[in-house]
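Each remark here refers to the structure printed beneath this line.
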Amino acid sequence: MYNPKSLKAEEFISHGEILDTLAYAQENKENLALISEILNTAKKGKGLTHREASVLLACENQQVLDEIYALAEKIKKDYYGSRIVMFAPLYLSNYCINGCVYCPYHRGNDGVVRKKLTQEEIRQQVIALQDMGHKRLALEAGEDPLHNPIEYILESIKTIYGIQHKNGAIRRVNVNIAATTVENYRKLKEAGIGTYILFQETYHKESYEQLHPTGPKSNYAYHTEAMDRAMEGGIDDVGLGVLFGLERYAYEFAGLLMHAEHLEAVHGVGPHTISVPRIKRAEGIDPGAFSNGIDDDTFAKICALIRIAVPYTGMIISTRESKAVRERVLRLGVSQISGGSRTTVGGYDTPLPEDDGSAQFDVSDQRSLDEVVRWLMELGYIPSFCTACYREGRTGDRFMSLCKSGQIQNCCHPNALMTLKEYLEDYAAPETKAIGEKLIAEQMLEIPSEKVRSIAQAHLQKIENGSRDFRF
Ligand code: SAM
């Protein structure tokens, strides 16, 4: 029985409700009267239900598609302006006792080189990340109670927050580790994590059980109910995601939105972020072996519809995707991207080739953080290194209510500019710095303060006259 308020996985992600939704979407995919009604609801910028969004996903009418893309772009602009939040993953350990068939970390994979960073190695990695200019990390680890117990994760977080290096510090540590207990989530909260991220992989229970044949992760209910335990443990920013390619995408899309509706119904706050990974080649893993892979057009449509369906939820794209795909989905809704990523355990401070045998997946976008920052600015975006919300306690429902009232712009925009300025001064290459300084001054002209505007005008004049002195 479908019940979004239930705490049981099979009731809030009801297989029956998903099948009914998919049937409803197929029946109505050419019902232009209904589609126009749904688009009108979407234009209010308050989101869509999983049923409404699924109808749009099934619709193949080019005119409707164009409207979907235009609306996604508008909502993206209205809620996120031109800011793009920057982060990098840090792989702590690839020891894992699970049997996930798509993941190179799976227990039976003898081809993968197993590694676990010591606290000293973490220090070196983090210093290398700080030297690039990163302020926000996503910690990644396999599930292994012997090698990677919660104490190891907690100690690593403490090490990371404790590192002060030149002008840098990591100010927000997000964590992507396996589903765990309320007590462990409480410990993660106390350690000061930002978002707890856990990908569902697939919402389809039967497929989930086939894809996760062994290990603790094979328990579908325990995995699917993890976000409720995380919330119970006091973590109010959680990040959802599915691994596209494992199941039919329309099924996953409906499941993902039902999960978001469930969190909102039970905890009064939806997911902080949604990630949209696609399966990639990795040691012993051939994406071609999974028959539900999606092409770039379908991927873009999914991103646009997530943006429309859950306007307040940040959307994350990793370096699994190429520069071209990232550019396309940034416009349609993505608000956070990684840059200069290494998916190897300990890949940041050593001149190792990308694949030393410990990588989780092949990185498509191999550019450095500075190249990504410059590229974003050339596209008109403001790369943001801001982490203020989390330190100011603007998390969970407090963040969401600021977001829903549109107030968040007043915090995010100036903070994005200031943290970009900090990046440019401390880390940027000269060319990046020149582009960024001009962009910041232009953005400052938009701020409704005479004083700020006159500083910006003087600054722009200086740049126009060929000055390389970018101090205000
Ligand atoms: N062990 C934790 C867990 O079980 O959730 C952390 C997960 S892992 C470090 C991060 C994510 O990478 C996984 O949740 C999965 O979706 C994704 N992943 C695994 N294999 C992949 C592959 N071959 N290509 C792309 N992404 C993959």
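As the structure lists them, so they are numbered: ligands from 1, and atoms in each ligand from 1. Residues: numbered from 1 along the sequence shown.
Residue contacts with ligand 1, taken as heavy atom pairs separated by less than 4.0 Å, do not involve Cys100 at all. For Asn176, heavy-atom contacts with ligand 1 shorter than 4.0 Å involve the backbone as well as the side chain. Counting heavy atoms under 4.0 Å from ligand 1, residue Cys103 touches it through both backbone and side chain.
Centroid-to-centroid, the aromatic rings of His212 and Tyr102 come within less than 6.0 Å. Ring centers of Tyr312 and Tyr79: under 6.0 Å apart, within the cut-off.
Closest to atom 17 (C) of ligand 1 by heavy atom, among Glu283, Glu143, Arg320, His212, is Arg320. With Ala141, Gly142, Ser93, Gly215 as candidates, the residue nearest to atom 2 (C) of ligand 1 on a non-hydrogen basis is Ala141. Atom 9 (C) of ligand 1 has its nearest heavy-atom neighbour, among Gln200, Glu140, Arg278, His106, in Glu140. Taking each of Tyr91, Tyr102, Phe361 in turn, the one with a heavy atom nearest to atom 23 (N) of ligand 1 proves to be Tyr102.
Taking distance alone, with nitrogen or oxygen atoms compared against 3.5 Å, Phe199 stays at or beyond that limit from ligand 1.
Summarising the geometry, atom OH belonging to Tyr427 is positioned 9.5 Å from atom CZ belonging to Phe385; distances are rounded to the nearest 0.5 Å.
By the 30° and 60° cut-offs, the orientation of the rings of Phe12 relative to His262 is parallel.
Counting heavy atoms of neighbouring residues, nucleotides and ligands inside a 6.0 Å radius, atom CZ of Arg107 does not exceed 12 of them. Under a cut-off of 6.0 angstrom, the local environment of CD in Glu209 is crowded, with over 12 non-hydrogen atoms contributed by other residues, nucleotides or ligands.
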